[in-house]
Each structure stands twice: as structure tokens, then as C-alpha cells.
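Below is one structure; the comments refer to it alone.
In the text below, chain A, chain B and the rest are named by the order of the sequence lines, each starting its count at 1.
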There are 2 protein chains.
Amino acid sequence: MAPLSIPRLVKTPIETQAATALRASIVAGDIPAGQRITEIEIAGQMGLSRATVRAALHQLAREGLLTLVPYTGWTVMSLSAQDAWELYTLRSAIERLAAQLVAAAIGDPGKADRLREAYERLVSACKRGHAGRIAEADFGLHQAIIALADHRRLTEQYALLEQQIRVYIRSSDALLPNPNMVIAQHKPIVAAILAGDAEEAGALSEQHNLTEGRRLADHLRAVERRAADAQQGAALSQPSRQNRRARA
Amino acid sequence: MAPLSIPRLVKTPIETQAATALRASIVAGDIPAGQRITEIEIAGQMGLSRATVRAALHQLAREGLLTLVPYTGWTVMSLSAQDAWELYTLRSAIERLAAQLVAAAIGDPGKADRLREAYERLVSACKRGHAGRIAEADFGLHQAIIALADHRRLTEQYALLEQQIRVYIRSSDALLPNPNMVIAQHKPIVAAILAGDAEEAGALSEQHNLTEGRRLADHLRAVERRAADAQQGAALSQPSRQNRRARA
DNA sequence: TTATTGCCGATTGTCGCCAATCGTCAATCA
DNA sequence: TGATTGACGATTGGCGACAATCGGCAATAA
């Protein structure tokens, strides 16, 4: 039979859809880091049974976005400086591999174009100067390199890290990007990949992530220290009390 | 109160225990790759409800050990040459990072000793010559390096990869290790880490995994080709039929 | 007054039931 | 005879109910 233009519709289980929706809420910051959530509450809001929501929550826990304390509750993960260090060192190692792979296979039809496109988007975003757009195009370029590596497990692993990094950036009010610096940092990486120089591409990519990560981790460490000092001062007068039931 | 010698017993949900048991069965090869399994069957064998088993199966699916076809069934993953390539390239990138981190922090108390211990175990296993023991000690050394990196996410990620690699090796009847070669490959890595040379340790570790991975992937590719040829010959006379209901 | 113990609400853990969907095979019709 | 369609068994998808466990509070006793 001739292939009519009937779309092949995807059959996504509700529990997967629930996981996707929750993930989006967390990554977007709608559900703040550290927030305590309950299965019943989510089930009620989404119009699903607890068991279904539960499966979705477990999935997000596996992705590192939630933590579950048995018989007690779920909590949206909140990231420490140590977490930031872990995220960026891992990301650096993975992107190094991706950059090497892409550089080695840059001859494949279309690959060079796709990479150039992503880079152009970043450049134009930087010229406009809108911080949010720049960050998004930045993520986009990195993601393009990952996708071009044609490596399923690497792609999945990277997606997990990226989610957590987004949460981290959102929750820590991270430093704004300097447009010119962003371009300067990414340009040589893209150039090395396009030139097919795997060694150089990998090294540059690794270095980029490590410096960026260190910068953010230092920032967060400073924030943590300030918070700890403030807490210490208030600790004697104000008894600590668990922050339960905070959502409307 | 004085800390009496009452053990702090762990409260593990049954679903986690079920996942652990199933994982062990799969990694050990008791449930062969490609095997089709059903929730009802597992639930019956373990004396649990389907919902509980289901949660465990989903966990293993997230770990990459099972695949779920909606409304149809669960299948133990079976690895292709492409999978082997993915596993070893990723492992190489992650172990490189781990080796660098450990080398940079080899001064921490106890670290050098723990590394030396793992290495000694590998050496003595090689001298005995028992293939299974050598492979186990090999995994043990790599695992020790990972653990010494003090990097939670790296450790978790590595555990996932190692599981899959074990399944792969088990299912592909991989080539036996040559005792002398095993020692020769690992000795310089350990030496570089102990010397605190992060750069060298990382490079050696990476190289070790890449060569090992290429060797195994090539082997598997050859097996695949043979299997494809054999299938082609039999395809005309023997109509393909799905292999359902195979367990006793 | 103060430390201990028992109680209670809240939340997750587990279970059995019914619905939705898949692959297969037989019944049907040109 | 051959292709299409309907029906059937098997399996996962989703749900509500009950059990286990947790944290905190109040009753109790020294």
C-alpha cells in the first residue's frame, strides 16, 4: 500500500508523560530546589492515580532530580558546590569524547553544516545580547556536538547531566555570560572539530568545561559560606523548624 | 547513651531488593541476553505482586539491562558491536577522569594503600592463572580507582556501564585474558597514579580501555557476521517464528 | 519538672483488580 | 483461493485500598 500521509502517532504511557511534565517543571524552576512534594498532591494536581505518579517520580529520582526518603517523602534535589564540581568534571569528560568523535567523523555528509548552524545561532544570540537567549544557544551548541557523535549512551548520559546543570544554574542565580567571552571560548572548539583535529577539539572542549565549572563552583561555594554564616547568627534565637506544607 | 553494639539495620523496600536480585541474575547470566520475561512470571517466582515487580523491572530498564515494548513484554537487552563500542568509549572517558582525579589526590591518607591492594590482588590472580578470577580482579582494580575518585555521579555512572559490560562479556563468550598481558597493561597505570602524574595516568587509562574495547568489538563484529551468514542460508527453508515461552 | 512512652496524623510500600493494547488465528467474503 | 476482518488469549497500563513506617505531640510517671 502506498504510504498515505497519515501520521504515525506515538503511544506514550501516561506515566512517561507525567515524568516529562514534572521534569519540565523542575528544570524550569516552577518547583523550586529543596521543595518537598508528596505523591498524593501530584496525583491530585495531574488527575492520575498515586501508583502512576509514583512511577514517574521514581524515574526522575533515577535521573537525579529527586530524592526519596523511605516512608517520609520526596524532595527536589538541591545542589551543593560539590555537586557542581561533579557535574562539570563529568560533563567535561563526556564532551571531550564527543568532540573527538565528531571531529574524527566530520566528513560525514551534513555534519559540518549542522555544527556550523548551531554555532551561527550562538553568535547571533550573543550579538543580540539577551542573556537568556545566549545561555540557550550555548546549551544548543553543546547539544549539537553531542548529537553529532552518534552515540546513544553518551547522548543519554549527557541529557541527564544537562538537566541537573540547568537546575543548578536556575537555583544559584548564576553569573551572567559575557557575550564576547562566550564566542571567544567556543570559536576554537568549533574550528578544531571542523578541521577534523580530534585531539585538539577534545582538549579545548575539556578545558572549556573545566574552567566554566570551576568558575561556577567557586561562586556557589562563596554563596554557601555566606548562608552558613547567616544561619549561625540566627541559630540561637530561632529554633529550626522543618519547612512542611509550603505549596498553595 | 553509649553506642551499644546493636547493628544499624537497613530498611530496603522489597522493590529495591527485587531489582537487586534480578540485576544479579541478569549480570551473572542466569537469565540469558535476549530472553523474554513477563511480570506475572517473575512475580510468581519471587512471591511478590505484579506492581512491585513492575517497579523493579522499570528500574532495570532505566539502567539499560531490560527493554520494554509497550503491551507486549520485557526483554533482556542483548548487545551488538555498536553497543560494545559505545560502552568502551564511554568507559574510557570516565576512567580517564577517575585516574586523573585519583592521581591528583593520591596524597590523601590511605588512598595509595587501597590502590596498591587492589593491584596486588590482580597480580596474584594472574599468577594463579584462573581466568574467572583474573577477570574479577581486573574489574576490582578498575572499581578501586573509581571509588578513590570520591565522585558520586562518576561512581554511579560507572556502575551502570560495568553492569552492561559484564552482560556483554558473558553473552559473547569473550576472549580469555592473557595473564602476563593483563599485568603489563595495568602496571603503568597504577604506577602513574601512585606517582601523582594525573596527565599520564589519565592518558594510559584511556588508552587501555580503548584498545581493549576495540579488541572486543572486533571480535563481536566477526561473530555477528558469521551469525548473519548462517541465518541467510536457513532463512528460505525455515520461516522465522518468535521465540515465546522458553523458560521452564 | 523532665524524661519516657504511647498515640496519631501523614506518607510511602504493597497488593489485587479491571481496562487497554498487542500478536495470532480462524472465520468470512470477493 | 486469497485477502480482509473479527475474535481470542496474553501481557502490560492504570487504579483504589490497605499495611508499614515515620515524625512529632501529648499523656504519664519518677
Roughly, in whole Å, what's the span from [atom1] in [X] to [atom2] in [N]?
X	N	atom1	atom2	result
A:Arg50	C:dG13	CZ	P	8 Å
A:Ile40	C:dG13	CD1	C1'	13 Å
A:Ile14	D:dT12	CD1	C1'	14 Å
B:Glu15	C:dT12	CD	P	13 Å
A:Ile37	C:dA10	CD1	C1'	16 Å
A:Ile42	C:dT11	CD1	C1'	14 Å
A:Tyr71	D:dA19	OH	C1'	8 Å
A:Glu39	C:dT11	CD	P	10 Å

Look at the aromatic rings of B:Trp85 and A:His151 and report parallel, tilted or perpendicular, splitting at 30° and 60°.
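Aromatic pair B:Trp85/A:His151 classed tilted.
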[X] side chain N/O closer than 4.0 Å to the phosphate oxygens (OP1, OP2) of [N]?
X	N	answer
A:Thr38	C:dA10	no
A:Thr72	C:dA10	no
B:Ser49	C:dC15	yes

Could you check whether B:Asp108 pairs with B:Arg114 (Lys NZ or Arg NE/NH1/NH2 to Asp/Glu carboxylate O, under 4.0 Å)?
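Result for this pair is no, no salt bridge flagged.
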Could you walk me through whether B:Val76 and B:Thr67 pass the side-chain contact (heavy atoms from CB on, under 4.5 Å) check?
CA-CA 7 Å; B:Val76 179; B:Thr67 56; over 6 Å; no
Start at the 5' end of DNA chain D and walk down; is the nucleotide closest to A:Val69 or to B:Leu57 reached first?
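Closest to the 5' end, via its nearest nucleotide, is B:Leu57.
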No-H, no-angle donor-acceptor pair, B:Arg54 side chain to D:dG14 base, under 3.5 Å:
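Donor-acceptor pair under 3.5 Å: no.
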Test side-chain contact (heavy atoms from CB on, under 4.5 Å) on A:Met46 and A:Thr52; report intermediate values, then the result.
CA-CA 10 Å; A:Met46 302 186 96; A:Thr52 307; over 6 Å; no
Would you indicate which nucleotide in D:dA20, C:dT14, D:dT12 comes nearest to any side-chain atom of B:Leu68?
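For B:Leu68, the side-chain atoms sit closest to D:dT12.
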Side chain of A:Pro13 - closest among C:dT14, C:dG13, D:dG14:
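Of C:dT14, C:dG13, D:dG14, D:dG14 is nearest to the side chain of A:Pro13.
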Apply side-chain contact (heavy atoms from CB on, under 4.5 Å) to residues A:Leu66 and A:Leu22 and explain how you reach the verdict.
CA-CA 10 Å; A:Leu66 295 174; A:Leu22 279 171; 5.9 Å; no
